[in-house]
Amino acid sequence: MPELPEVETVAAQLRSRVVGRTILACRLWTPGMVRHPSPDAFVLRLAGRRIEAVTRRGKYLLHRLSGCGGELLVVHLGMTGTWTCVPAEAPEPGHLHLVLELDDGCQLRYRDTRRFGRLLLGAEADLLAAGVLPRLGPEPLDPAFTPEALHRLLRGRRAPLKALLLDQRVVAGLGNIYADEACFRAGLRPDRPGGSLSRRSAARLHDALREVLLEAIANGGSSVDDYRDARGEPGRQQERLLVYGRAGRPCLRCGRRLAVIRLAGRSTVFCRRCQR
DNA sequence: TTAAATTCCTGTAAGC
DNA sequence: TGCTTACAGGAATTTA
């Protein structure tokens, strides 16, 4: 599923392919995917706009559009969403919800089997005010995200560490894969209270988070479900995951069977020996 | 205020 | 073989 590294990969690829392109037409098959504004307004307002920039915030893809004071087309991929740029003549896959026709003969296509994704259009302030774009926590790769900052975010919290890492208001961009991977690399049990981390442990977690995210970006993200990048290609980081998806198999560090528990409604894999 | 549970959705895999 | 059921999970919503 797309988390920060996967969304970063898509944003970087789209930047070189769609910035400067104008949207000629817009076809929307599934109105329910559009959370703001109304589906009709969404379709009408996209046609004729030029894409000025493509960026990422947390797991959100942001496309800054010409006119109307820098409105954003916002795409969240949910679990199974893909946002690809392909030639218009490429065969159309199933579960296609939105197609934007560009002025160079290519199409931006939103496909999503489980429909957990969402599409938004509007000025950032309006999306925040409407409550359709949440107020996100810090970017874990931002220089301002220091070990001390992470320690402050966790201090006093009694929820399990993993639950806090998954909370986008605490830190933006983490999902089930990289939360588990970071806890393992930091040697920290995901079910211990977030507030129980010492300054030193928080620093280990901070370094593990940055390390695993940067490594995943370098490898084009993880394709464990049906994640594909903007070209339709899978990532390579899934081959390097140490705990996610490996429940019951031996720990790659000590050989003990990896445990699986449920935290914050998600299956959580960790090593009872290596993580304390 | 915080934490936990519930809901949405459909392909896949396990079980009978 | 074919059917039913459980499961996967991001985030909004509801409940405690």
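Within every chain, numbering begins at 1; the chains are lettered A, B, ... in the order of the sequence lines, protein sequences first and strands thereafter.
Look at OH on A/Y178: it is 15 Å from C1' on C/dG10, rounded to the nearest Å. Rounded to whole Å, the distance from CG on A/L133 to C1' on C/dA11 is 12 Å. Rounded to an integer number of Å, the gap from NZ of A/K59 to P of C/dA11 is 4 Å. Atom pair A/L164:CG and B/dT2:P shows a separation of 10 Å (rounding to whole Å applied). As rounded to whole Å, 12 Å separates atom C1' of B/dC9 from atom OH of A/Y110. Note: OH (A/Y227) to P (C/dG9) measures 18 Å, nearest angstrom. For A/D167 and C/dG9, the CG to C1' distance is 15 Å, given to the nearest whole Å. Taking atom CG on A/L127 and atom C1' on C/dA12, their separation rounds to 16 Å, with Å as the unit.
When the side-chain contact (heavy atoms from CB on, under 4.5 Å) test is applied to A/R266, the partners found at least two apart in sequence or on another chain are A/K162, A/L166, A/N176. Not counting sequence neighbours, the partners of A/V74 by the side-chain contact (heavy atoms from CB on, under 4.5 Å) test are A/Y60, A/L62, A/L72, A/L120, A/L127, A/L133. Applying the side-chain contact (heavy atoms from CB on, under 4.5 Å) test to A/R199 and every residue at least two apart in sequence or in another chain returns A/H151, A/R155. Looking at residues two or more places apart in sequence or on another chain, you find a side-chain contact (heavy atoms from CB on, under 4.5 Å) between A/P37 and A/A41, A/F42, A/R45, A/L121.
Residue A/P2 is classed as having no contact, given no heavy-atom separation below 4.0 Å to the nucleic acid.
Taking the nucleotide of DNA chain B with the nearest heavy atom to each of A/R157 and A/H95, the more 5' of the two is matched to A/R157. Residues A/F116 and A/P160 both approach DNA chain B. Their nearest nucleotides, taken by heavy-atom distance, put A/P160 toward the 5′ side.
The salt bridge (charged side-chain N to carboxylate O under 4.0 Å, His left out) pairs that include a residue from residues 228-241 of chain A are A/E215-A/R240, where partners are two or more places apart or lie in different chains. Applying the side-chain hydrogen bond (donor to acceptor under 3.5 Å, both in side chains) test to residues at least two apart or on different chains, the pairs with a partner in residues 114-141 of chain A are A/R56-A/E139, A/R57-A/E139, A/R114-A/D225.
Recorded end-axis angle for the helix from B/dT2-C/dA16 to B/dC16-C/dG2 stands at 50°, based on five pairs per end and rounded to 10 degrees.
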Report task. Determine, step by step, whether A/Y178 and A/E6 satisfy the side chain to side chain donor-acceptor pair (under 3.5 Å) criterion, reporting the C-alpha distance in whole Å, the side-chain angles of both residues, the deciding distance to 0.1 Å, and the verdict. Result -> CA-CA 11 Å; A/Y178 300 110; A/E6 290 75 28; 2.7 Å; yes

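Distances shown here put every side-chain N or O of A/H76 at or beyond 4.0 Å from the OP1 or OP2 atom of C/dG10. Listed pair A/R266 / C/dG10 meets the phosphate criterion, a side-chain N or O lying under 4.0 Å from OP1 or OP2. Distances shorter than 4.0 Å separate some side-chain N or O of A/R115 from OP1 or OP2 on B/dT10.
Heavy-atom contacts from other residues, nucleotides or ligands closer than 6.0 Å to CZ of A/R257 number 12 or fewer.
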Could you list the donor-acceptor pairs under 3.5 angstrom formed by side chains in residues 88-99 of chain A, with sequence neighbours left out?
residue, atom, partner, partner atom, Å
A/H97, ND1, A/T30, OG1, 2.6
A/H97, NE2, A/H95, O, 3.3
A/H97, NE2, A/D112, O, 2.7

Could you list all N or O pairs between the protein and nucleotides 6-8 of chain C that sit under 3.5 Å apart?
residue, atom, partner, partner atom, Å
C/dA8, OP2, A/R262, NH1, 2.8
C/dA8, N3, A/R114, NH1, 3.0

